[in-house]
Each structure stands twice: as C-alpha cells, then as structure tokens.
2 protein chains.
Amino acid sequence: MALETPTIKQLEYFVRLAESSTFRGAAEQLKISQPTLTAQIYNLEKTLNLTLVERSRSGATLTPAGRDLLTNARQVLEEMNGLLDQAAMMNHGPGGTFRMGVSPTIGPYLLPHILPGLHQTYASLKLFVRENTPKALELDLLEGRLDLVLISQPFGTPRLTTEVLFEEPLKLITPEDHPLAKLERVETHHLRGQNILTLEEQYSSYHQMELLCSELGATIARDYEGSSLDALRQMVIMGMGLTFVPSTYIYSEIHQPQGLSVRDVENLNLHRTLVLAWRQNSPNRGFYRQLAELIRSLVKTNLSDAKLSF
Amino acid sequence: MALETPTIKQLEYFVRLAESSTFRGAAEQLKISQPTLTAQIYNLEKTLNLTLVERSRSGATLTPAGRDLLTNARQVLEEMNGLLDQAAMMNHGPGGTFRMGVSPTIGPYLLPHILPGLHQTYASLKLFVRENTPKALELDLLEGRLDLVLISQPFGTPRLTTEVLFEEPLKLITPEDHPLAKLERVETHHLRGQNILTLEEQYSSYHQMELLCSELGATIARDYEGSSLDALRQMVIMGMGLTFVPSTYIYSEIHQPQGLSVRDVENLNLHRTLVLAWRQNSPNRGFYRQLAELIRSLVKTNLSDAKLSF
DNA sequence: TATGATGATAGGGATATCCTATCAATAAAA
DNA sequence: TTTTATTGATAGGATATCCCTATCATCATA
C-alpha cells in the first residue's frame, strides 16, 4: 500500500546516507543492515514519488531532487530534536508552564512574598498567573484552563482537591477619626448598627460578612460594594463605613495607615482560610502537594509579621 | 521496549487530540479507532517520559508539559509538511536544483541565448551553473558534484553519456592591419609560418590547434597561452599572433570587431563539437535527453546567424 | 584473472500497529 | 433515583512494517 508520510526513521536514514555516500557505510553507522537501509530508502522514494539517490557501483549520490529535499529532511529532524530536548528538560523538575489562577484579594499581596522562593526551589518552573473572581476561577480550573487556583475558602469541591495553606486574621479598619478608633479595646457589641462595606457578591468574603453582620446587628452597605481591597480602603477613608481586610493586605500595602485605624475586635476570631486547589486526578497532583508545602513554609518565614496560623 | 523517537503519526495524533479534547472525537477525525489512539498517545508519553494528557470522564485536557510540547509537535509537523510540499512540487516538471558545469569558452557566449528558453519551458527548473576547466568538469561530473556538463568534444566517456548538440565553425581572427586581413580570400597556405595563439593545455582546443598547426606549417605560441577567449582576443589586437575562436563567441561579444578582422579560411573545415554530458545511469537521464533536444532547438532559432550545423 | 567493494533481492522472524468487542466510571437525562 | 449515553481503558487477534541473514550480480582494482 502507498504510504502517506515519510517516517522519522526514513529521514534519519536518508540524511545519514547523504553524509556517508555509501549504503553499507551508512547502514553500519546506523547500526542496521544494508538491505534494511536499501528498503527504507526505497520506501521513502516511493512515498515521495521521487528518486532521491543515484545508485552506482561506487556508492550512492544524491539526485538534484534529493539534494534539495535533504535540507527539508534536516529541518524536520532539527525540530524533532528540539522537541526531545524540551521533553528532556521537563524530566528534571516540573515541566511546562503551569497556569495558576488567583483571587485579586490575594495575588498582589501574597505572591510577591512567595514567587522568588518558588523560583529558587524550582528553577525551571514557569508560572502563568491570572487574576479572576473566585467563581470564574473555579470554572476555569474545572474545565482545564487553569492548573492551580490560589483562593480562600469556601471553595467548591466537586472534583477538586483543596489543600489548606494557612489562616490569616481579618482586621477591622476604620477612619482615623471614627469613634471606634478612639476606644482602647473594640468589643463585638460596638459594631452593632455600624455600616460594613464588603466586596462584590462574587467574593466568598461577602457571604462571610453577611453572616457576621446579622449576628452582630451591623448592616451591610449594599449600595457600595467594592471590587477590590484598595477600593474598600478608599471608601473607608471617605467615611462610608467600616470593613474587614486580611492582614496580608495590611502588611503589604498599608505600612503607614494614613487616615486609617487598624484594630482587632475582642472575642471575635475572624479569619479567612487560604487554600491551593487543583483537579483531583491531575497527573501533577504530587507536585502540587509539594508546591503547597513549599508555599506554606515560605509564608511562614517571609510573612511572620502577619500572625498567620498553620 | 523503550522507543527512541516519537513517530510522526504519534505527533499527528497528539496534535489532533489536543484540538479535539476527547479521545473518541479525535480518533474519529483521524479515522482510527479510539483504542488505537489511546495506545499511541500512551506510547508517545512513554518515549518522552512525560504525562502529556490529563484523562477525565469528560474528555482529555493537556497537562502543562503537554501544552508546551504541543508547540514543538506542531513545528515538527509543519516542517514535514514543507518537505511534502516541496516533493509534490518536484513531481510536476523536473525537481531540484541541477548543477551544470560549463566550459568558460562556452558558458558566457551560449547560455544567455538558451537560459531564458529553458526557463520558459521548464518553469520550475533551477540551474546552478559553474564554470571550470574541462578536466575538472569531467571529474566533478563523474564523482557526482555535477549533474550535467556543457562542453566541447573530445570528452571522456568511461561511464558518461554525451549527446551532440551542434557543431560550430571556428573563425580566424587577425589584427585589422595584418597582411592576411587585406586578402580577398585566405587560403590554407597563407597560414604557413604564422604564429597561432591558443588556450591553455587543459582546454581541448589546444590539442586541436596543435594538430592543425603541424599540418599547415604554422607555429604555436607556447609562451603566451590564454586562459580565456577574451584574453586571446586582446593578444591578437596587440599583434602577438593569430587565433581561431568559435563563432558563438564572435556573435556574442564582437558585434563591431574593433581592431580585428574575422575571416574564414578557404577549404579548411574547422569547427568544434558541443555536447551535453551526464552520468550514464543518472536517474534523470530521460530529462537530460529532453534538455539536449530543447537546447538544440533554442540554439537553432536564437543563433541562426552563427551558421551552426546540427 | 582473482579479489573486494558496491547495491539489489529473497525469505523469514519479531515487533508495531490497528481493529473489534467489551468494560468501568461518570455525566446527563428521565 | 434510575436510566441512558458518553467517556477512556483493556483484551485478543489480524495485518503490516521493520529488520535480519544469506545470497546474488556488477564493477573497480590488484
């Protein structure tokens, strides 16, 4: 039967034959028998419908067509070698570009503290980081557009594995001139009737806040939902209400809290739990687990100020 | 057994699978069965020692390594397609770049008249033309560095086929003020005692001239052998002797023979025979024969002034 | 003339490739 | 919840491909 595409082997044989200029010599270098080489070259010529080699008693010479196609054959083999090199690289350390999704409330404040450490441990690791809302991240992860997601619980677990990284406290921030800022200790009952600003509903903290407010008798400012922690901060400064933000945000962005007061609330153990998530059966789940462990230890050393718990 | 290099088929399967995102769909498009596809992808992964595809009940997704290698795989297939395209081109008309050797006493004066015609008939024909001395040309042809040689007889025929193209007369050229230039008719006996300039010994005309001179009683100017027809012409103008040059040279270069007289010698049927030569068993010998025929007819129409005989 | 090199050919065995039939697990529909 | 359809994995067997050894015919050379 007529073949359709030359074989990589046939191209290798052809190139070697062109360099050796005798079938026997080339066959020896290729560690195959001369009849095998003859047959494969013949097959190659048949699939291309061209005579590539001129046979004579004194050896083999390329025809004009053969000379021209030799260039192409070398290019094909070149690309194949590139592929093999790439694959070989990937056999040492994690291979490929991992796509990590991250919530906007986490990425800018956490990643700067851990990416250098990741690169140091996995020099060949390539991370493509993409921010999105939690719901979009979950869908992207489930459908394979992302490999990893760095997010705070609760996070859906239909076919996902989530590994807890750490818990971080949420801090109350108020305007500098707010009555609460002047108290020595802020108690839970002080929050009654206060206006609490939240992120949009797509963020998990929204529901957390909703629950909290109903318990404490505070109200949620539904008309002014923030789309970022920075936006929330600006709204607090403008006196539109109070809010809770994670401590990593505070320690990354608000070194001198101009116009703001950062407080803890007594007897209110408010925190968010950060997790790393991936598809349950992902072939790289072993590596992802290592990654989670590494992130945990990096955070422990680089963010000791933030009083995180593990 | 462990394989060494991925198969072209495996790469095709892999790329198609990446695009289809389900084994069954990809197999259907590839017109193979799903188990075959599964097996080949598995083989590919085994040769690369990498997991390329993440299998789930809802289809197949690429792993990070798979995504990165997909690019390489596409490049390999791209190059292979280039090779196939090239081969397909060569199936229409003569394929490849033909290397033609030509004597310096022929090329510059004959090729301008025939190359345009060749290109017109064989649009895809690519000719690489190289000038060299007849002896070097013969060796290059025998050892496969050239495919064709355009040269004048005699030309060695151990394992070569030579096809006569035409015969062209040799013309006597003298200085304008030479006594022979004033005669109405130049007879053979007028040449007795004259000094005849020739090309170097490597050229076949040298021996032809040697024989002629001994017959006519002329002498060969051994101290001043020319390395080109143009050199001979300059030497004639300088009054160093007479010489014979082919009529194609005259009709190409000397439109107004300044300082020169071009003459025929009565009863002296002096000419050179031009041939096209190739290796006896060359796979393209059929085409070469066509080529010789075409050159003959092109010369016949384009060089009718030169009084060639066929 | 004899020798050593070349590529071509014949016959047979090992392996790779591909198929059909079937399974187990899941997602979607009833 | 149950049923149905769809997913990829697996088993067994037919066929094609690849490769080998042994041998031949031809030619260059000693």
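Values in this document were obtained by computation on a predicted structure and should not be read as measured data.
Looking only at side-chain heavy atoms (C-beta outward), A/Leu11 and B/Leu83 come within less than 4.5 Å of each other.
The interatomic distance linking A/Ile8 (CD1) with D/dC18 (P) rounds to 13 Å, in whole Å. The CD-C1' distance, from A/Gln40 to D/dC20, rounds to 13 Å in whole Å. One atom, CG of B/Leu44, and another, P of C/dT17, lie 11 Å apart when rounded to the nearest Å. Rounded to a whole Å, the CD atom of B/Gln10 is 11 Å from the P atom of C/dA16. Here C/dA8 presents its C1' atom at 10 Å from CZ of A/Arg24, a figure rounded to the nearest Å. Rounding to whole angstrom units, CG of residue A/Leu37 and P of C/dT6 are separated by 13 Å. A/Phe23 has its CZ atom 18 Å from the C1' atom of D/dC20, to the nearest Å. With rounding to whole Å, A/Tyr42 atom OH is found 12 Å from C/dA10 atom P.
Distances were taken from every side-chain heavy atom of A/Pro35 (C-beta onward) to each of D/dC19, C/dT6, D/dC20; the shortest belongs to D/dC20. The nucleotide whose nearest atom lies closest to any side-chain atom of A/Thr36 is, among C/dT17, D/dC18, D/dC20, D/dC20. Taking the side chain of B/Arg55 as heavy atoms from C-beta on, and the options D/dG8, D/dT10, D/dC19, the nearest nucleotide is D/dG8. Closest contact between the side chain of A/Tyr13 and the listed nucleotides C/dA8, D/dA9, D/dC19 involves D/dC19. With distances taken from any side-chain atom of A/Ile32 to the nucleotides D/dC20, C/dA8, D/dT7, the minimum falls on D/dC20.
Base engagement by B/Gln34 is indicated by at least one non-hydrogen atom pair under 4.0 Å involving a base atom.
Comparing B/Ser33 and A/Thr22 against DNA chain C, the residue whose closest nucleotide sits nearer the 5' end is A/Thr22.
A perpendicular orientation is assigned to the rings of B/Phe287 and B/Tyr122, their planes being inclined by more than 60° (bins at 30° and 60°). The aromatic rings of A/Tyr288 and A/Trp278 sit tilted relative to each other, their planes meeting at an angle between 30° and 60°.
Taking 4.0 Å as the cut-off between side-chain N and carboxylate O, B/Glu45 and B/Arg55 count as a salt-bridged pair. Salt-bridge annotation for A/Asp140 and A/Arg99: absent, with no side-chain N of the basic residue lying under 4.0 Å from a carboxylate O of the acidic one.
A sub-4.0 Å separation between OP1 or OP2 of C/dC18 and a side-chain N or O of B/Lys9 is present.
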